[in-house]
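I have placed the structure first, in the form of structure tokens, so that the comments after it can refer back to it.
Proteins come first, then strands; the chains are lettered A, B, ... in the order of their sequence lines, and each starts at number 1. We use all heavy atoms of the structure for the numbers below, so side chains are in, but hydrogens, waters and symmetry mates are not.
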Amino acid sequence: MMRGAWTVAWKDFRVLVASPMFLMVAGLCACIWSYNFLPQIFQFERYAARAFQSGGGLNIHQTLFASHLARVNIILIFAIPALTMRLLAEEKKLRTYDLLLTVPITAAEISLGKFLAAFGAGLALISISFLYPLITLAFADFSLGPLMTSYLGMALIMGIYVAVGLFASSVTESVVLAVVMALILNLALWFLGQAAEMTDQPEMVKVLEHISVPQQFVNFMKGTLKVSSLLFFASAAAFFVFLTERVVESSRWR
Amino acid sequence: MIEVRDLTKNYGDRTAIDRLNFSVSKGEVVGFLGPNGAGKSTTMKIITGYMAPTSGIVKVAGFDVFESPIEVKRRIGYLPETPPVYMDMFVQDYLKYVARLRGVASGNLNSMVDAALEKTNLQDVRKRLIHNLSKGYRQRVGLAQALVADPEILILDEPTVGLDPKQVAEMRKLIHSLKGQHTIVLSTHILPEVQASCERIIIINRGRIVAEDSLAGLSKRMSGGQKLVVRVRRPSSRLEKGLGDVAGVHQLRAEGNVLQIDVDGAEDTTEAVANLIVAEGAGLLEMKSTSMDLEDIFIQLTSELGSAQPTGGAL
Ligand SMILES: Nc1ncnc2c1ncn2[C@@H]1O[C@H](COP(=O)(O)OP(=O)(O)OP(=O)(O)O)[C@@H](O)[C@H]1O
Ligand SMILES: [Mg+2]
């Protein structure tokens with residue numbers, strides 16, 4: 001049943017990572033991360049030495065890696081829509097959508113396949129960002145646990161961005177519109193958490209904190225894996241893939 | 001193989017097709033003929049499961065298109081008006097991708113792709129980027145894509161549109177060669193197309209079927225439908241007058257030594273015409289009986305309906 005999804009995923013993934021757009025995005029990401037991260041290693045070294053002299057210590061996860069991950073997140077908010085914008089919008093525009101809708105695969109397979117393709121490309125971007133903490137391993141000795149859970153969280157959040165971008169691409173024929181919509185939705189998702197600080201009602205705060213991406217992400221950064229957080233991220237992505245499936249299916253009813 | 005019952009499609013308040021009824025049996029080659037905007041593409045899109053109708057039923061190989069779309073799609077190879085090709089893929093990779101999507105087993109992929117390339121004569125460009133192919137070749141890639149899973153039914157929407165005359169001829173030859181292997185439905189607004197390829201014709205205009213018959217039957221139905229073309233050595237007004245008086249002759253035109261005689265199609269009439277020419281000593285050189293031109297039929301049918309039904313879809 002899921003063979004169609006894998007077929008779509010594998011083809012789109014290969015086309016995506018070989019596209020100039022992907023190479024540009026990946027190159028840009030590497031530049032930005034290098035520009036920010038590398039000087040910070042040395043800065044961190046100085047601070048850590050000073051802290052050590054005065055008898056204390058610095059947590060590398062909460063300082064160096066936390067700010068790196070914050071930057072990775074910001075970049076992904078912009079980079080993922082650039083990778084997802086073409087997924088369905090361009091198929092519609094170039095009429096290859098006609099092919100997808102008349103071969104024996106379901107709307108669910110199309111949506112899932114497209115999601116997996118872009119998720120794979122997103123993982124490639126995240127792997128690039130993972131190189132930086134890895135480099136640090138050469139200088140410093142630290143436990144890998146919190147780094148791993150942070151990156152798991154990052155990958156899940158990236159999954160949400162991909163699903164959102166896919167959905168945006170499914171409702172329009174224009175790649176520009178797709179990228180703008182995805183960006184707005186991503187930012188809205190991220191800032192939903194900030195709303196928790198603006199309300200006084202305790203119940204409201206609780207709800208908002210629960211559906212806030214940054215709040216949930218904090219758990220991952222601490223090195224703790226909460227089932228509820230995992231479930232939250234996975235279901236948020238699944239929700240947007242489901243919406244995409246509905247849109248694809250409904251295109252028969254024009 | 002294909003059954004269409006009371007098929008209706010409205011785009012908003014515009015009726016694209018209006019209660020169509022027809023069926024196509026296994027192995028038939030059916031031509032869907034109609035002017036621009038007649039509703040040919042709309043009908044084909046509904047049969048392929050691309051689009052749902054407003055009302056009506058389509059059954060393909062016994063499966064209802066709306067209840068079991070996957071079963072129907074498994075049996076149909078579809079070439080839309082615009083060939084659905086990815087410009088950034090190689091011909092061979094593209095066909096392999098479509099074959100996978102169409103459910104060809106992994107073990108058969110290569111042989112199926114090779115067969116489709118061979119049928120459409122694309123072996124030479126199999127390693128080329130589709131972007132770099134000419135329009136005619138892209139169209140052929142589109143056809144190869146429809147063929148690749150060896151479907152029972154081929155639905156081809158204007159397969160020769162936009163091609164130069166040489167490529168049109170090649171495409172026709174290609175479609176001709178597919179006869180017998182698949183049930184084929186093809187649409188066109190060019191008459192020679194159906195004359196070249198189809199056994200049965202459905203003429204559609206403003207969303208309605210105006211005629212449905214075999215090629216020969218359709219020609220015959222029109223005003224008796226026969227025309228005699230006669231070449232004589234010594235034309236004369238006496239001969240023309242005499243011919244005009246033969247029972248069964250409707251009309252007669254003379255151009256030099258060629259006489260065009262519209263007749264009722266009865267063998268008696270043909271015999272009487274031949275006898276008279278010989279008796280007149282006009283020197284009969286050639287005499288052939290032809291069907292009335294399909295072009296005449298088409299124009300007559302579509303314009304008849306157009307005037308009878310001014311509230312149709314198109315303006
Ligand atoms: N997506 C659409 N929205 C609104 N009207 C449409 C749409 N598609 C087709 N139509 C209308 O439906 C009618 C039938 O169109 P269709 O494309 O089926 O015609 P056709 O016979 O294929 O014509 P052509 O020879 O130009 O391809 C036309 O009047 C057309 O304007
Ligand atoms: Mg059409």
Side-chain angles (χ1 to χ4, degrees), chain A residues 1-24 83 85-114 116-117 121 173 175 245-254, chain B residues 9-12 16 41-42 44-54 63 65-66 68-90 93-106 109 130-131 141-142 145-146 148-149 151 155 157:
Chain A
M1 149 70 194
M2 279 296 116
R3 185 171 179 242
W6 282 115
T7 304
V8 172
W10 180 233
K11 178 249 162 189
D12 272 21
F13 173 73
R14 283 196 307 171
V15 168
L16 193 55
V17 294
S19 68
M21 173 55 90
F22 179 78
L23 298 178
M24 220 174 66
L83 299 184
M85 63 183 184
R86 288 170 59 192
L87 285 177
L88 284 161
E90 193 163 82
E91 300 249 11
K92 283 192 231 175
K93 193 161 172 196
L94 300 179
R95 318 285 329 180
T96 46
Y97 202 49
D98 300 20
L99 175 71
L100 286 181
L101 291 186
T102 54
V103 292
I105 64 173
T106 59
E109 284 176 291
I110 296 171
S111 312
L112 191 63
K114 295 267 168 190
L116 290 174
E173 265 187 32
V175 290
E245 190 269 345
R246 290 286 86 196
V247 173
V248 173
E249 179 65 26
S250 74
S251 55
R252 287 176 64 195
W253 303 98
R254 273 156 309 182
Chain B
K9 175 76 187 179
N10 301 326
Y11 291 110
S41 300
T42 303
M44 292 182 142
K45 282 176 185 169
I46 295 172
I47 295 174
T48 55
Y50 173 80
M51 188 161 81
T54 308
F63 292 100
V65 175
F66 319 106
S68 7
I70 300 292
E71 287 301 326
V72 169
K73 288 172 185 177
R74 250 192 253 289
R75 288 164 173 77
I76 293 181
Y78 172 46
L79 172 63
E81 263 171 316
T82 319
V85 293
Y86 294 92
M87 294 298 173
D88 49 4
M89 283 181 96
F90 296 98
D93 295 344
Y94 169 70
L95 291 178
K96 222 181 244 182
Y97 174 57
V98 178
R100 275 209 191 91
L101 287 178
R102 291 195 189 278
V104 172
S106 304
L109 277 179
I130 295 177
H131 183 82
V141 175
Q145 161 276 128
V148 75
I155 296 199
D157 199 349

Subject >> Residue selection (most heavy-atom pairs with chain A, distance under 4.5 Å) from B/V85, B/I46, B/I70 >> reply: B/I70
Original post:
Of the listed residues (B/T48, B/L101, B/V98, B/L79), which shares the most heavy-atom pairs with chain A below a 4.5 Å separation?
Top reply: B/L101
With a 4.5 angstrom heavy-atom cut-off, which part of [X] approaches chain A: side chain, backbone, both or neither?
X	result
B/Y50	both
B/S106	both
B/E81	neither
B/Y94	side chain
B/M89	side chain

Original post:
Closest approach of A/R3 and B/R100, non-hydrogen atoms and distance?
Top reply: NH1-O, 3.7 Å
**OP:** Please report the shortest heavy-atom distance between B/Y86 and A/K11, naming the atom on each side.
**Re:** CE2-NZ, 3.3 Å
Subject >> Proximity of residues 94-105 of chain A to chain B, residues having a non-hydrogen atom under 4.5 angstrom >> reply: A/R95, A/T96, A/D98, A/L99, A/L100, A/L101, A/T102, A/V103, A/P104, A/I105
**OP:** Let me know if A/E90 has heavy atoms under 4.5 Å from chain B in its side chain, its backbone, both or neither.
**Re:** neither
